[in-house]
There are 2 protein chains.
Amino acid sequence: MHLGPGAEPAPLVAIAVDMVIFTVTERGLAVLLRRRHEAPFAGYWTLPGGFLSDHESPEAGAERVLADKIGVHGLYAEQLYTFGRPDRDPRGRVVSIGFFALMPWNRAAPLAGEAHGTAWHSVDTLAPLGFDHATIIGMARQRLVAKLAYSTIALQLMPQRFTLSQLQSVYESIMGEALDKRNFRKWVCSLGCIEATDETYRAGSHRPARLYRVKHPGEVRIIK
Amino acid sequence: MHLGPGAEPAPLVAIAVDMVIFTVTERGLAVLLRRRHEAPFAGYWTLPGGFLSDHESPEAGAERVLADKIGVHGLYAEQLYTFGRPDRDPRGRVVSIGFFALMPWNRAAPLAGEAHGTAWHSVDTLAPLGFDHATIIGMARQRLVAKLAYSTIALQLMPQRFTLSQLQSVYESIMGEALDKRNFRKWVCSLGCIEATDETYRAGSHRPARLYRVKHPGEVRIIK
DNA sequence: TAACTTAGTGTCGCATTCACACTATGTCAA
DNA sequence: TTGACATAGTGTGAATGCGACACTAAGTTA
């Protein structure tokens with residue numbers, strides 16, 4: 001790149017965007033992975049990603065990867081960290097901007113096993129991954145757990161209508177510990193971010209549960 | 001960059017590292033800026049920074065900028081965010097990895113006004129800055145304020161020996177509000193991260209203050 | 001209609017946080 | 001030498017928040 005008179009030239013590198021997409025399944029927190037067919041790391045599972053185009057911000061690149069490679073729109077996504085160890089890609093210098101995104105679990109099922117070559121993997125039983133993607137996932141998971149405690153980010157994992165028991169089990173499977181039902185309900189209702197609907201949900205031979213919805217979808221509030 | 005058969009070529013960009021270096025002065029929280037003499041933004045104040053070299057990780061690049069351009073070593077620094085709007089640098093495509101760093105205030109004075117062309121600017125009265133550096137500083141400041149509440153990061157702003165009143169006024173000038181002296185002392189001592197020395201500090205015609213030191217310098221603990 | 005399953009609800013004790021004012025110890029000037 | 005001054009240093013009590021805890025409600029099915 002030309003930087004003006006007297007300036008040393010700046011080395012040029014490729015910028016990748018790698019997406020850590022989480023959802024919650026019956027087997028707990030899961031991340032969407034894509035099996036690679038090309039070298040390097042052919043046959044390995046890797047994060048969905050792509051190279052940043054000209055005239056594209058990192059955030060726009062992340063949205064494009066979600067739309068083009070995964071076929072989803074409107075997910076919550078935020079920048080995570082930028083990974084730039086010089087040896088992280090055997091093809092040459094690639095700096096990767098990691099993002100993490102959350103997918104409501106009702107939208108997750110149609111994706112896996114399709115022509116995309118993608119599948120949901122439980123974060124606790126990951127096969128060896130290509131590149132430094134295990135590191136990226138580890139950091140994304142830390143961030144998610146941290147943000148559960150001080151934000152309303154977990155609501156981004158819920159469908160439009162959900163029961164409080166479902167919400168509680170989302171929290172429990174991410175944190176990896178059981179929560180008290182009454183205290184959880186008091187806490188989550190006191191946040192003022194969800195509201196009861198007049199619908200109920202029947203799921204077995206027992207009392208139906210009230211369905212709730214998020215008051216301001218897409219908003220993630222910082223709490224406490 | 002060559003990505004293998006059948007792959008589209010990845011656009012190449014320059015990677016910059018920009019450092020938001022904070023300290024605390026008599027006039028409150030301050031950031032180190034450098035006056036630019038070259039186009040673009042000649043005459044404007046900007047963050048110290050540089051281009052990432054080949055075979056250099058972002059973290060190593062940040063340390064190199066601190067050492068070569070500012071002449072300091074061993075500062076606390078962490079990655080902040082990556083800024084990549086396509087139009088953020090009029091020279092062409094430059095993606096900047098922002099870092100924020102903290103300098104103990106006893107080491108800050110020798111830097112300003114020197115041949116470096118750098119100066120400390122109060123964060124509340126910033127002149128118009130070059131590039132998107134005002135945005136970067138704003139985000140760094142948010143992060144610093146947030147981390148005050150849940151980590152021991154403020155200790156990275158202190159000299160080796162300091163009084164509790166000095167530490168309190170560091171917290172106060174970053175948070176922008178007064179704290180209760182007794183409650184602050186109880187809280188900070190209960191963290192177990194600092195210890196009293198047997199030295200005292202005389203600073204005027206009044207009772208001298210006990211000097212404290214950090215137990216494990218360089219360690220930033222997450223609290224609560 | 002009785003057994004089963006999950007939904008839904010309130011209280012009390014403990015710990016944490018916050019508000020608050022006076023004594024201690026040095027310097028300096030009269 | 002002593003009195004005025006300035007900052008250092010210290011404890012208690014009230015209010016609030018948080019965690020532990022068990023039973024009733026309402027539907028399904030045999």
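Lettering follows sequence order; numbering is per chain, from 1.
Environment of OH in B/Y150: crowded, with over 12 heavy atoms of neighbouring residues, nucleotides or ligands closer than 6.0 Å. For CD of B/E199, the number of neighbouring non-hydrogen atoms (other residues, nucleotides, ligands) closer than 6.0 Å is greater than 12.
Taking a 4.0 Å limit (strictly below) on heavy-atom distances, residues 188-203 of chain B reaches DNA chain C at B/R202. Residues from residues 157-175 of chain A lying near DNA chain C, meaning a heavy-atom separation below 4.0 Å, are A/S165 in numerical order.
The B/H206 side chain lies nearest to C/dG26 when the options are C/dG8, C/dG26, D/dA20. Taking every side-chain heavy atom of A/R207 into account, C/dA7 is the closest of C/dA7, D/dA8, D/dC21. Distance from the side chain of B/R182 is smallest to D/dG11 among C/dT17, C/dG8, D/dG11.
Residue order along DNA chain C, read from the 5' end via each residue's closest nucleotide, puts A/P208 first among A/N183 and A/P208. In terms of position on DNA chain D, the residue among B/D180 and A/D180 whose nearest nucleotide sits closer to the 5' end is B/D180.
We find that CZ of A/F184 is positioned 18 Å from P of C/dG10, with the value rounded to whole Å. One atom, NZ of B/K181, and another, C1' of C/dA19, lie 16 Å apart when rounded to the nearest Å. Look at CZ on B/R210: it is 17 Å from P on C/dA24, rounded to the nearest Å. Note: CH2 (B/W187) to P (D/dT10) measures 18 Å, nearest angstrom. Atom NZ of A/K224 and atom C1' of D/dT16 are 14 Å apart (whole Å).
By the 4.0 Å N-to-carboxylate-O rule, B/E78 lies close enough to B/R143 to be salt-bridged with it. With salt bridges taken as basic N to acidic carboxylate O contacts below 4.0 Å, one links A/R141 and A/D124.
Ring orientation note: the planes of A/Y44 and A/F41 are nearly perpendicular, at an angle over 60° on the 30°/60° scale.
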*Does the ring-ring contact (aromatic ring centres under 6.0 Å, His included) test come out yes or no for A/F22 and A/W105, once each step is laid out?*
CA-CA 9 Å; A/F22 287 121; A/W105 40 259; over 10 Å; no
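Phosphate proximity of C/dG8 to A/R185: present, with a side-chain N or O under 4.0 Å from OP1 or OP2.
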